[in-house]
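Order of the sequence lines fixes the chain letters, A, B, ..., with proteins taken first and strands second; residue numbering starts at 1 for each chain.
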Number of protein chains: 4
Amino acid sequence: MDSDSQAPRLVDVGGLSRALERFAQERDWTQFHSPKNLAMALTGEVGELVEIFQWMSAEESASAGADPRTAQAVRDELADVLVYLVRLADRLGVDLDSAVRDKMQRNALRYPADEVRGSNRKRGP
Amino acid sequence: MDSDSQAPRLVDVGGLSRALERFAQERDWTQFHSPKNLAMALTGEVGELVEIFQWMSAEESASAGADPRTAQAVRDELADVLVYLVRLADRLGVDLDSAVRDKMQRNALRYPADEVRGSNRKRGP
Amino acid sequence: MDSDSQAPRLVDVGGLSRALERFAQERDWTQFHSPKNLAMALTGEVGELVEIFQWMSAEESASAGADPRTAQAVRDELADVLVYLVRLADRLGVDLDSAVRDKMQRNALRYPADEVRGSNRKRGP
Amino acid sequence: MDSDSQAPRLVDVGGLSRALERFAQERDWTQFHSPKNLAMALTGEVGELVEIFQWMSAEESASAGADPRTAQAVRDELADVLVYLVRLADRLGVDLDSAVRDKMQRNALRYPADEVRGSNRKRGP
């Protein structure tokens with residue numbers, strides 16, 4: 001199940017992981033950090049992120065990161081989602097780099113470029 | 001607004017970012033990767049992640065990453081959420097490391113350890 | 001806080017509410033129906049609903065209810081979301097009709113037609 | 001596919017449906033009410049609902065509807081989710097009562113009481 005450990009890392013979230021562990025320990029908040037609770041917190045932050053775009057057209061959404069009216073909210077909500085995702089992975093004992101490398105390998109097999117190019121029938125991720 | 005660029009990185013997602021850009025280009029899928037669409041895809045994956053834990057107690061959720069019945073689903077859904085988050089940040093032109101360092105600085109000021117320790121009144125992130 | 005009880009009902013979910021209570025009792029599932037769990041189940045179903053539209057344009061989404069490729073999934077996911085919403089409201093002791101009447105009154109005050117007509121600055125609900 | 005039209009209604013959302021159509025027409029907001037946008041708005045409101053419970057235990061969540069600190073937020077967020085769900089169903093041309101009756105019939109077949117009683121292996125809805 002594990003990716004070749006010699007393949008280059010796709011992500012390194014160690015710094016954030018350690019910062020979040022320290023942050024929670026200093027506040028005695030680890031007691032609230034069950035995966036169940038963290039998955040709910042992640043949901044709340046994804047909701048806040050989605051709300052930024054909900055009434056925009058696809059074109060308007062493309063400039064939301066640069067538009068001064070929304071740029072800060074976009075940065076903050078992306079950060080909040082990442083924070084809870086990294087904390088959740090840690091509390092579950094999952095190495096995000098290993099998990100995403102495995103998934104990318106399977107995605108390449110599942111969506112061969114020749115078969116799916118340009119189509120919206122099979123598009124993810 | 002920007003964090004001190006000499007502070008150590010909290011996350012490095014460059015490898016995944018480049019892999020996702022290449023993946024989308026090979027399949028001519030970038031046309032579907034508006035921030036609006038990617039935010040919706042992120043929502044779908046968070047839903048799949050949350051479903052793993054929905055009927056579990058907090059204690060059961062703590063071992064979901066190790067339990068052979070759920071371990072693979074946990075890895076896969078965490079990876080899927082990360083994939084869409086990184087792709088979304090890229091399409092919005094947001095540097096996730098910069099965004100999360102700014103947010104962590106503000107979180108430390110917003111939740112001083114002395115004031116919030118052990119309480120569930122103010123608990124985020 | 002309560003709406004005028006003589007105003008006409010906006011929704012009546014009593015039949016579904018009773019059916020869901022019976023369904024849970026027959027299966028001894030009420031033990032799993034904490035609001036926390038039901039909110040997570042609701043999240044999972046909203047994720048499945050959103051996935052139907054995630055790669056569509058706004059125009060394509062407008063016909064998703066009629067298009068034979070997606071019509072059944074659209075019906076099923078809307079139903080699943082409603083089921084968990086009604087069950088959650090019941091377990092919280094909330095009368096959905098009363099709650100929505102209060103909210104509609106406040107929405108009318110918050111978004112006066114003269115001020116917001118046609119604009120995407122203030123658009124919800 | 002359709003339920004027996006003589007079976008009693010499980011839900012009647014007609015009053016809310018008409019109120020929401022009127023509300024949108026008065027504000028010229030229907031242009032923003034593609035199913036895609038409404039599904040995103042629904043996501044945002046579910047996020048706000050979930051946030052109320054995210055740090056609570058299952059027991060604490062059971063009293064969130066009565067606790068004066070959370071009761072109003074619980075009512076408001078349940079109402080907001082219902083509003084977007086009903087509006088989304090309307091814009092998709094789906095009769096929620098018909099959809100939920102179909103689903104309840106299939107759920108009864110899929111989760112026979114004798115097989116699933118009391119177990120958390122197959123629990124939904």
task = Please step through side-chain contact (heavy atoms from CB on, under 4.5 Å) for the pair B:E48 and B:D76, ending with a clear verdict.
result = CA-CA 10 Å; B:E48 292 187 34; B:D76 284 351; over 6 Å; no

task = Given side-chain contact (heavy atoms from CB on, under 4.5 Å), test B:L42 with B:R87 step by step and report yes or no.
result = CA-CA 10 Å; B:L42 177 67; B:R87 186 62 178 159; over 6 Å; no

request  = Would you please test B:L92 and A:R75 for side-chain contact (heavy atoms from CB on, under 4.5 Å) and show each step?
outcome  = CA-CA 9 Å; B:L92 286 165; A:R75 285 173 63 83; over 6 Å; no

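Residue contact with chain A, scored on non-hydrogen atoms closer than 4.5 Å, involves the backbone and the side chain of B:L78 alike. For a residue to count as touching a neighbouring chain, one of its non-hydrogen atoms must lie under 4.5 Å from one of that chain's; by this rule B:Q31 touches chain A with the side chain only. In this structure, the portion of A:S57 lying under 4.5 Å from any heavy atom of chain B is its backbone and not its side chain. Proximity to chain A (any heavy atom under 4.5 Å) is restricted, for B:V74, to the side chain, taken from C-beta onward. For A:V81, the parts lying under 4.5 angstrom from a heavy atom of chain B are both the backbone and the side chain. Interface remark: A:L82 contributes backbone and side-chain atoms alike to the contact with chain B (heavy atom separation under 4.5 Å). Of the two parts of B:V13, the backbone and the side chain both hold a non-hydrogen atom closer than 4.5 Å to a non-hydrogen atom of chain A. Contact annotation for B:A41: neither backbone nor side-chain heavy atoms come within less than 4.5 Å of a heavy atom of chain A.
Residues B:E77 and B:V50 form no side-chain contact, since every pair of their non-hydrogen atoms from C-beta on lies 4.5 Å or further apart. The shortest side-chain heavy-atom distance between A:N107 and A:Y111 falls under the 4.5 Å cut-off. No side-chain heavy atom of A:E60 sits under 4.5 Å from any side-chain heavy atom of A:D67. Between A:M104 and B:L20 the shortest side-chain heavy-atom distance falls below 4.5 Å.
If you tally non-hydrogen atom pairs under 4.5 Å between each of B:V46, B:D114, B:I52 and chain A, the highest count goes to B:V46. Put simply, of B:E26, B:E45, B:K36, the one with the most heavy-atom pairs under 4.5 Å next to chain A is B:K36. Counting heavy-atom pairs closer than 4.5 Å to chain A, the top residue among B:A39, B:G47, B:P35 is B:P35. Interface check for chain B: of the options A:G65, A:S61, A:A64, the most heavy-atom pairs under 4.5 Å are formed by A:S61. With respect to chain A, the highest number of heavy-atom pairs below 4.5 Å among B:A24, B:A99, B:G93 belongs to B:A99. No other option in B:M40, B:R117, B:R27 has as many heavy-atom pairs under 4.5 Å with chain A as B:R27. Residue with the most contacts toward chain B among A:A108, A:A66, A:A89, A:G14: A:A108 (heavy-atom pairs, distance under 4.5 Å).
Using a 4.0 Å cut-off between a side-chain N of Lys or Arg and a carboxylate O of Asp or Glu, A:D102 and A:R106 do not qualify as a salt bridge.
Applying the side chain to side chain donor-acceptor pair (under 3.5 Å) test to every pair with at least one member in residues 8-20 of chain A, sequence neighbours left out, gives these pairs: A:S17-A:D90.
For B:D95, there are no salt bridge (charged side-chain N to carboxylate O under 4.0 Å, His left out) partners, not counting sequence neighbours.
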